[in-house]
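First comes the structure, then the notes that go with it.
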Amino acid sequence: MLDPKSFRQNPQAVADALKKRGMDLDLSQYTALENDRRNLQLETENLQRLRKEASTEIGAARARGEDIQELVDGVQHVGSQLNAIQNEFRKVRDELAAFLLTIPNIPDESVPDGMDEEDNEVIAEVGEIPNFNFEVKDHVDVAQGLIDTDLASKLTGSRFSVIKGPVARLHRALTQFMLDTHVQQHGYEEIYVPYIVHRDSMEGTGQLPKFEDDLFRLDTEQPYYLIPTAEVPVTNIHRDEILSLNELPKKYVAHTPCFRSEAGSYGKDTRGIFRQHQFEKVELVHIVEPSKSWQALDELLSHAEQILKLLDLPYRLVTLCGGDLGFSASKTIDIEVWIPSQNRYREVSSCSNFLDFQARRAHIRYRPQVGQAPELAHTLNGSGLAVGRTLIALLENLQDVNGRIYIPEVLSGYLGGIDHINLSSEN
RNA sequence: GGAGAGGUGGCUGAGUGGUCGAAAGCACUGGUCUUGAAAACCAGCGAGGUUAACGCCUCCCAGGGUUCGAAUCCCUGCCUCUCCGCCA
């Protein structure tokens, strides 16, 4: 959520800034509402003060043993008056709050203009795109039946998968490797969290109220949701807290499954496990003091990149343009790994600085100095990395003509010391 | 699933209709004292809204209700804990 105060002071400036997202914010209704709010709040508070003073006086009079009936009669009408005005005030206030909740974060100045993916800005290409002197197989073919989406359809439906044998083990090894790297080399605290959260958590990080359609909701009495990313439970760990300065920065790494309805992506990426309703991700989350969040974004990004470097996979970095930016992010840098079968780079991580946008929704604060008033912290997150897509990249980039998969040295230890997997001989 | 207890400031915990945004202790901050530290003593110390500001208002899990007045009484919900049962 944006700062209501600065929004109020200059809503037009916010509307202008949001044009970078290709968004046309309608302020007409807001202005009227805000006017009402001010008047109603003033009236409400005046009546409250009136009642408070009268009640105090009644209390004092009664203590003196005086007859209070006349005084009581005098204020009785204030109550009903207050009730009416207050109800109106609350309605307006809630409407304003709801409106503010639907406004996305303001893009950082450095975010390039543009409407969609096409306008994203490539900032680096790292590693060498492999030259195959044979026809490359995509990950489904490379896996020789060990990635089985038909079987998953039998169990559940489309966009799910069953992964078997050595490929399943490779998938698990990747997860372990990512977690260990971030914990041991990048100083993260590993954390295990619920995969189901309630509404408040989803609002805290910005998935709700606007993007209910993207989520899986459980049919429970209380609204419960499957997490679309570990960002939700992990960032919300510190909801409604005031952290002391020496607790910052918080750096968490969590491995969770992620569940996304993928509404609106019918027909997209239908082959294999590229786009799934359920996938595994290792997620990095930072909570930092405001002055350090841009530096934190660089670090977070480098930590995620490091995984691809160690796996010997070619990738590029892309700054998302205004139109492609996620709702809560002020700036996002995607890491895209080379996918040979598609002959292009695809996203494996999205590293974002949310500034105080999530912190304001989730009330994540810190105290700059003992005795000083609390301030909102800044939050960031990024995948380190999406495991399924990294598996795809590995299978495709490191295949040879005989159907063998080269195993990077860093993974070898997780797979009993082998340096390749021979999938063709598995069948 | 059955039975009971409870949700108050960073923590412990008092408060059962008025002067309570809230005792006391701990923690923390500043000061006195000390070569320094500790102890002792003195002082300070919740969050939010609104306003140009003084100030005013709100908040004792959440939402309703009773009342001139609610942390305190009533209703609903959520959560936590204990015991029994069941269970990975």
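First the proteins, then the strands, lettered A, B, ... as listed; each starts at 1. None of these values were measured; they are calculated from a predicted model.
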Once you round it to whole Å, what is the distance between [atom2] of [N] and [atom1] of [X]?
X: A:N87; N: B:G63; atom1: CG; atom2: P; value: 14 Å
X: A:Q41; N: B:C56; atom1: CD; atom2: P; value: 16 Å
X: A:L50; N: B:G69; atom1: CG; atom2: P; value: 12 Å
X: A:R38; N: B:C57; atom1: CZ; atom2: P; value: 19 Å
X: A:L40; N: B:C57; atom1: CG; atom2: C1'; value: 15 Å
X: A:R49; N: B:G55; atom1: CZ; atom2: C1'; value: 10 Å
X: A:L376; N: B:A47; atom1: CG; atom2: C1'; value: 13 Å
X: A:I85; N: B:U58; atom1: CD1; atom2: P; value: 15 Å

Under 4.0 Å between a side-chain N or O of [X] and OP1 or OP2 of [N]?
X: A:R367; N: B:G10; answer: no
X: A:K52; N: B:C68; answer: no
X: A:R8; N: B:U51; answer: yes
X: A:R93; N: B:U58; answer: no

Measure from the side chain of [X], starting at C-beta and using heavy atoms only, and say which of [options] lies closest.
X: A:A63; options: B:C56, B:U19, B:G69; result: B:U19
X: A:S55; options: B:C57, B:U50, B:G69; result: B:G69
X: A:R51; options: B:C79, B:G49, B:G69; result: B:G69
X: A:R37; options: B:U50, B:C57, B:A47; result: B:U50

Going by purine N1 to pyrimidine N3 plus the second Watson-Crick contact, or the G-U wobble pair, all under 3.5 Å, which nucleotide sits opposite B:G63?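 B:C75 is the nucleotide pairing with B:G63.
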Can you tell me the pairing partner of B:G1 across any strand shown, Watson-Crick or G-U wobble, with both distances under 3.5 angstrom?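 Pairing partner, where one exists within any strand: B:C84.
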Please check if the distance between the ring centroids of [X] and [Y] is under 6.0 Å.
X: A:H277; Y: A:F160; answer: yes
X: A:Y195; Y: A:F259; answer: no
X: A:Y252; Y: A:H238; answer: yes
X: A:F274; Y: A:H139; answer: no

How is A:R365 classified with respect to the nucleic acid when contacts are heavy atoms under 4.0 Å: base, sugar-phosphate, or nothing? sugar-phosphate
Quick one: label A:R62 by what it contacts on the DNA or RNA (base, sugar-phosphate, nothing), any heavy atom closer than 4.0 Å. base
Can you tell me how far [atom1] in [N] sits from the matching atom in [M], rounded to whole Å?
N: B:G44; M: B:A24; atom1: P; result: 11 Å
N: B:G46; M: B:G10; atom1: C1'; result: 9 Å
N: B:C57; M: B:G2; atom1: P; result: 47 Å
N: B:C20; M: B:C75; atom1: C1'; result: 25 Å
N: B:C28; M: B:A39; atom1: P; result: 9 Å

Salt bridge check: are A:R346 and A:D269 linked by an N-O gap of less than 4.0 Å?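 Looking at A:D269 together with A:R346, the answer is yes, because their closest N to O distance falls below 4.0 Å.
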Report yes if the side chains of A:D148 and A:K164 come closer than 4.5 Å at any heavy-atom pair, otherwise no.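 Yes, close enough: below the 4.5 Å cut-off.
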